[in-house]
Asker: 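Right, I'll just put the structure down here and ask away after.
In what follows, every chain begins at residue 1, and chains take the letters A, B, ... in the order their sequences are listed.
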4 protein chains.
Amino acid sequence: MSVSLIAARIDVPQDARQVRSRKALCGALLDLLQETAFDQITIREISTRAGTGYATFFRHYPTKEALLGDVAAEEICTLMTMTATMMSGPDRFGSILDLCNYVDAHRKLWSALLTGGAASIVRDEMLLQTSQLGDERLCPVWLPPELAHRVGVSSAIDVLVWWLEQKEHYSPDQVAIILDRLVIDPIVDKLVAVPGPASG
Amino acid sequence: MSVSLIAARIDVPQDARQVRSRKALCGALLDLLQETAFDQITIREISTRAGTGYATFFRHYPTKEALLGDVAAEEICTLMTMTATMMSGPDRFGSILDLCNYVDAHRKLWSALLTGGAASIVRDEMLLQTSQLGDERLCPVWLPPELAHRVGVSSAIDVLVWWLEQKEHYSPDQVAIILDRLVIDPIVDKLVAVPGPASG
Amino acid sequence: MSVSLIAARIDVPQDARQVRSRKALCGALLDLLQETAFDQITIREISTRAGTGYATFFRHYPTKEALLGDVAAEEICTLMTMTATMMSGPDRFGSILDLCNYVDAHRKLWSALLTGGAASIVRDEMLLQTSQLGDERLCPVWLPPELAHRVGVSSAIDVLVWWLEQKEHYSPDQVAIILDRLVIDPIVDKLVAVPGPASG
Amino acid sequence: MSVSLIAARIDVPQDARQVRSRKALCGALLDLLQETAFDQITIREISTRAGTGYATFFRHYPTKEALLGDVAAEEICTLMTMTATMMSGPDRFGSILDLCNYVDAHRKLWSALLTGGAASIVRDEMLLQTSQLGDERLCPVWLPPELAHRVGVSSAIDVLVWWLEQKEHYSPDQVAIILDRLVIDPIVDKLVAVPGPASG
DNA sequence: CTCTAATCGAGACGGTACGTCGCGTCTTACG
DNA sequence: CGTAAGACGCGACGTACCGTCTCGATTAGAG
């Protein structure tokens, strides 16, 4: 399942130079995101930090946002493979806990990705990557699955953002509980859903 | 209650000319939002549309966002007075239904306010205006009230955005049910709170 | 006659700031022309030297060439008023001598204007400013006046360029003789032309 | 005489492929000059049109101008061999007429070469190729031979450019007369030189 | 009903980032 | 193992918008 997510990333270049440039740009962006909000980052800064020419940026990405999309896709992909089955699997809560632990272990990265104007792009990317994950049969009848998907992802991100912004430290376990009860639970129709092996 | 919300708006000008200019600017922005996304709107466009000088804009608002904040505050204020008590009152579901009906009656306005880069500002303004509304005792123990507030407002906006984007028409009643069950319910501690008409 | 030349310069701005910027730009270009060939000069250099913003350049001139045209027009205008009647007047040779003396007194300026890719623009400007000066009746029948005009101006410039490039110093008198015999003489039909007061 | 002109062209390559590439590049440039001004032509365009690699261009010519120089040299060489003795020979006017007829027969080529920013390079090339042609003794004493050479070539080109730009067709004979009287005559010292058919 | 000061329109200005283009070099990948 | 294809660093271009500023001209509201 998660393999298909990786495969979704298209047009990986062949030329060694292109690979190098692209990697440098991604790295530079991740680097800069640790220091500055995404909005404030300039394409020129990215190029400079990457040690690449300014015009070269545009040979790879049409806009700053596209680069962020690429970076985000990769990180989210990692995140998803880490957390395996989120909603439907046999160990739902374990998955959520994995996710929280992973985010906790990379607080800085995810703070950067989810703050400073980047959030909406990351959210869209996450929506994309999770679009095949859900099982429609889990939704209550009054709740359109697409809406459930959107609100679920958004709320989860909201919770994570809130967590990452907190001064006093909440443990991953606490946040996992919150996510489970506040985000997942309302979406899943416990009474109706077939408890059998979901996602075919 | 809603009076205090209005009172929060500061520094309403005295001079008749200032009032006129400010009103013209607000109107111009609302006008333009019907045609273009907020990001794409230029201060120069706003000034021109308002029939006011370019510099005059800055005599009233430091940034484009500030103007949007002003406009949004007013609209949200109207929305709040329309929907009276949202979560805690005796007729919770009625309030939500009022809200949906009001938004439905002004689809274009709220589409403009909630799409095209403006959403986050509107969300912040709504967070501000609803910050005194909630009753902390309603929250379950595992859920920090501040987080509940944030996720609640964000989710509600998500639902509305989804609704406004839909091609096929969902009725206000349907959306009210969704809001009630998907957004409000999970936040409110069902054991303590007075049982509303929802949750089945 | 020369008054009309001055009048030809259009759209002199009213705003004091515009006048100042424009003057600064012209001055900067003249300045830089002393050091570098016109081709090598960058609009950014001009702006910087003028102490003006980069974008401001384009508020006054669409291209580098346009600025040069403006500068050249002014200098040529001065040159023309200095040398009064060139071809037809009662003291033809005196005029030519005046011109040579004037150029000699401003060798650096005219070297800059006539070398380094600028020559063709200066030539065009000079063609423009002298277009009303000639008396068609002075041309021999086998020589189209327009051609005479072009070749005359071009040749004169060629002579001046050659002069300005010379290491050993030719006196203005010598050059005046050359101009008179090599450039003017072949154009003027001595046998046919009425020696009376030309240009009506 | 004209042989020595050809000999001036250096480093004709041995490798057959190099010859082919070089010829292709020259052809491509001539081709493009029919459609676009020289300034506007890109090295990439030339390479593409020539069916050769972009980098290949630089293996043969350091700049676009160098290629034009090469092309121009060849064409001028042909022109010169066509018109044999220009100024001094026994049949001066015949030579000039030959030249005019040849240019007339290749209007498009020479229009391309003499317009669109290419003129100065062609002029320089022509100056180079004619530098050994003149007979210094023909010049009047007040006229430095080098200056005579320059002004002569420049004026001749001016006349040709004017001719090629004309809408209404002047005959080669007419232009030959103009060249003879306007360009050659003033340079040649009439007292010493053999009186040609012109000047009357 | 005037006088005065605040506010207005208009728009030029210095700045900064953008995205495009062409150059000339230099590295690939392929035949 | 050489050669075409083309990615790259560089740097100028011209555009757009920002927020500041300097001007009169207008006009509201205090005296």
Asker: Would you state whether a donor and an acceptor, one from the side chain of A:Arg17 and one from the base of E:dT28, lie under 3.5 Å apart?
Answerer: no
Asker: Looking at F:dC21, E:dA29, E:dG15, which one has an atom nearest to any side-chain atom of B:Ala55?
Answerer: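 Nearest to the side-chain atoms of B:Ala55, counting from C-beta on, is F:dC21.
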Asker: Go through F:dG14, E:dA12, E:dT28 for me and flag the one nearest to the C:Thr63 side chain.
Answerer: F:dG14
Asker: Mind calculating the distance between OH (A:Tyr61) and P (E:dG19) to the nearest angstrom?
Answerer: 15 Å
Asker: Can a side chain N or O of B:His60 be found less than 4.0 Å away from OP1 or OP2 on E:dT7?
Answerer: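 Negative; the distance criterion is not met.
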Asker: Ignoring the backbone of D:Tyr54, work out which of E:dT20, E:dT25, E:dT28 is nearest its side chain.
Answerer: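 Closest nucleotide among those given: E:dT25.
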Asker: On the ring face of A:Tyr61, is A:Arg22 found with NZ or CZ under 6.0 Å from the centre and within 45° of the axis?
Answerer: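 The answer is yes, since A:Arg22 meets both limits relative to A:Tyr61.
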Asker: Measure CZ/B:Phe57 against P/E:dG9 and give the value in whole Å, please.
Answerer: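 B:Phe57 atom CZ is separated from E:dG9 atom P by 13 Å.
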Asker: Side-chain contact test, heavy atoms from C-beta onward, threshold under 4.5 Å: evaluate it for A:Thr115 versus A:Phe38 and give yes or no.
Answerer: no
Asker: Between F:dT22, E:dT20, E:dC13, which nucleotide has the shortest distance from any of its atoms to the side chain of A:Phe58?
Answerer: E:dT20
Asker: Identify, with sequence neighbours excluded, every residue that meets side chain to side chain donor-acceptor pair (under 3.5 Å) alongside C:Gln40.
Answerer: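 Testing C:Gln40 for side chain to side chain donor-acceptor pair (under 3.5 Å), a comparison that skips the adjacent residues, returns none.
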Asker: Nearest nucleotide by nearest heavy atom, which residue falls closer to the 5' end of DNA chain E, A:Pro62 or A:Ala16?
Answerer: A:Pro62
Asker: Any idea which of E:dT28, E:dA6, E:dC13 is nearest the C:Thr56 side chain?
Answerer: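 Nearest nucleotide to the side chain: E:dC13.
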Asker: Which of the following nucleotides, E:dT28, F:dG29, E:dT7, is nearest to the side chain of B:Gln18?
Answerer: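 The nucleotide sitting nearest to the side chain is E:dT7.
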Asker: Please determine if a side-chain N or O atom of A:Thr52 lies less than 4.0 Å away from the OP1 or OP2 oxygen of F:dG9.
Answerer: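 Yes, such a contact exists.
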Asker: Can you check whether A:Glu74 reaches A:Glu125 side chain to side chain, under 4.5 Å on heavy atoms?
Answerer: no
Asker: Quick check: does any side chain N or O of C:Gln129 sit under 3.5 Å from a backbone N or O of C:Ala73, one acting as donor and the other as acceptor?
Answerer: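 Answer holds: yes.
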Asker: Does any residue of residues 37-51 of chain B have a heavy atom under 4.0 Å from DNA chain F, and if so, which ones, in number order?
Answerer: B:Thr42, B:Ile43, B:Arg44
Asker: By the 4.0 Å heavy-atom rule, please label C:Arg20 as base, sugar-phosphate, or nothing.
Answerer: nothing
Asker: Can you confirm whether the side chains of D:Arg44 and D:Ser47 place a donor and an acceptor under 3.5 Å from each other?
Answerer: no
Asker: Minimum heavy-atom separation for D:Leu68 to D:Ala118, with atom names?
Answerer: CD2-CB, 3.5 Å
Asker: Both B:Lys64 and A:Ser21 contact DNA chain F. Taking the nearest nucleotide for each, which residue is further toward the 5' end?
Answerer: A:Ser21
Asker: Whole angstroms only, please: what is the CZ-P distance between A:Arg59 and E:dT27?
Answerer: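 Computing the A:Arg59:CZ to E:dT27:P distance gives 16 Å.
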